[in-house]
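Written below as structure tokens is the structure these notes are about.
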Amino acid sequence: MSYSNLDINRVKIFNKMVFPASSREELLQAVKQRGPGLLIAVGCEKLLNKDPDLQNIINSNIAYCDGYAAKYAVAHRGFPDAQKIPGAYLWLDLIRFFPPETKYYLLGAKQDVISDTVDKLKKEFPINIVGWRSGYFDSEEEVLNEIRNSGADVVFVALGSPKQEFVMDRFYHQYPATYMGLGGSFDLYTGRAKPVPVWWNKIFKWEGLYRQLSDFTNLKRWKRQFIVFRMIYLLITNHY
Ligand code: UDP
């Protein structure tokens with residue numbers, strides 16, 4: 001089923017079409033109903049990214065609010081029930097939601113992380129993993145062939161953003177399946193990254209800052225935090 005046949009509303013924020021899902025179930029139901037395509041988490045960084053190719057990928061697929069700013073913007077555009085849906089856990093909900101015979105391929109993270117991820121998943125779920133690979137590879141073609149030969153229905157792609165969105169889009173056009181971008185979720189799942197505590201989210205509503213403080217010297221991450229101030233300014237002044 002193509003996106004245009006899917007019976008869901010979308011809301012435009014910063015020229016990106018976002019699905020204002022009010023629950024994880026509603027989102028996963030739409031993903032299941034839509035069939036092959038990309039599932040993209042959007043927060044400040046992706047919303048403010050002006051790359052037309054990234055925008056096109058977001059707008060041709062299902063994008064959901066994975067950040068408080070995105071959620072507030074969507075709520076102010078007439079969808080007060082929209083929820084912030086944490087992508088770092090949604091992929092586990094997807095495994096629970098999809099039929100048990102679904103075939104999964106996992107791509108991303110360092111070798112030891114992906115290997116531990118697969119072991120842990122097999123212990124926790126009755127899951128049909130048809131292939132997996134670290135996110136540090138030389139040939140995209142080789143990875144694509146492996147995915148194609150595996151016959152995967154769902155491909156989890158954890159390469160960080162926006163790299164993973166471009167990779168998923170290229171793969172999708174050559175091998176249509178459900179692709180979900182996961183960022184650093186495998187690191188979180190295997191305990192390499194710390195989850196953001198609930199109390200922090202209740203008080204600050206700024207997950208990125210918590211991750212930043214846990215990874216203080218990472219300059220690339222600091223740059224990302226400053227985007228949040230720009231986002232707050234644009235939301236307050238209604239420029240979105
Ligand atoms: N990664 C990868 N290949 C790459 C670059 C990154 O597999 O070429 C992995 C990296 O090991 C980490 C994830 O992608 O597991 C990125 O995590 P991060 O939290 O930075 O992603 P975000 O969700 O913030 O985009």
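Please read all numbers here as calculations on a predicted model, not as lab measurements. First listed ligand is number 1; within each ligand, the first listed atom is number 1.
Ranking protein heavy atoms by distance to atom 18 (P) of ligand 1, first place goes to G184 N, 3.9 Å. Of all protein heavy atoms, the one lying nearest to atom 24 (O) of ligand 1 is R224 NH1, 2.8 Å. The shortest contact between atom 20 (O) of ligand 1 and any protein heavy atom is with R221 NH2, 3.9 Å. Scanning the protein heavy atoms around atom 7 (O) of ligand 1, the nearest turns out to be A109 N, 2.8 Å.
Annotation for S134 and A109: closest pair OG-O, 3.2 Å, computed over non-hydrogen atoms.
Residues Q164 and Y179 bring no donor and acceptor atom of their side chains to less than 3.5 Å of each other. No donor-acceptor contact under 3.5 angstrom links the side chains of S115 and Q111, judged on distance only. A side-chain N or O of N201 and one of E207 form a donor-acceptor pair less than 3.5 Å apart.
Ligand 1 places these atoms under 4.0 Å from at least one heavy atom of L159: 1 (N), 2 (C), 3 (N), 5 (C), 6 (C), 7 (O), 14 (O). Of all atoms in ligand 1, listed by their number and element, those nearer than 4.0 Å to a heavy atom of G108 are 7 (O).
The option with the heavy atom closest to atom 25 (O) of ligand 1, from among G181, G183, S161, G135, is S161. Of the listed options G160, A158, A88, G160 places a heavy atom closest to atom 16 (C) of ligand 1.
The aromatic rings of F156 and W91 sit perpendicular to each other, their planes meeting at more than 60°, with 30° as the lower class boundary.
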Residue pair Y240, L47: steps toward the side chain to side chain contact (heavy atoms under 4.5 Å, CB included) verdict: CA-CA 10 Å; Y240 63 98; L47 285 177; over 6 Å; no
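Residue contacts with ligand 1 for S134 are absent, since no atom lies close enough (heavy atoms, distance under 4.0 Å). Contacts between D187 and ligand 1 below 4.0 angstrom, taking non-hydrogen atoms only, involve the side chain exclusively.
Listed for the N61 side chain is no donor-acceptor partner under 3.5 Å among the backbone atoms of L39. Between the K194 side chain and the Y210 main chain, no donor and acceptor come within less than 3.5 Å of each other.
Close to ligand 1: Y136, with a non-hydrogen atom less than 4.0 angstrom away. A heavy-atom separation below 4.0 Å is found between K163 and ligand 1.
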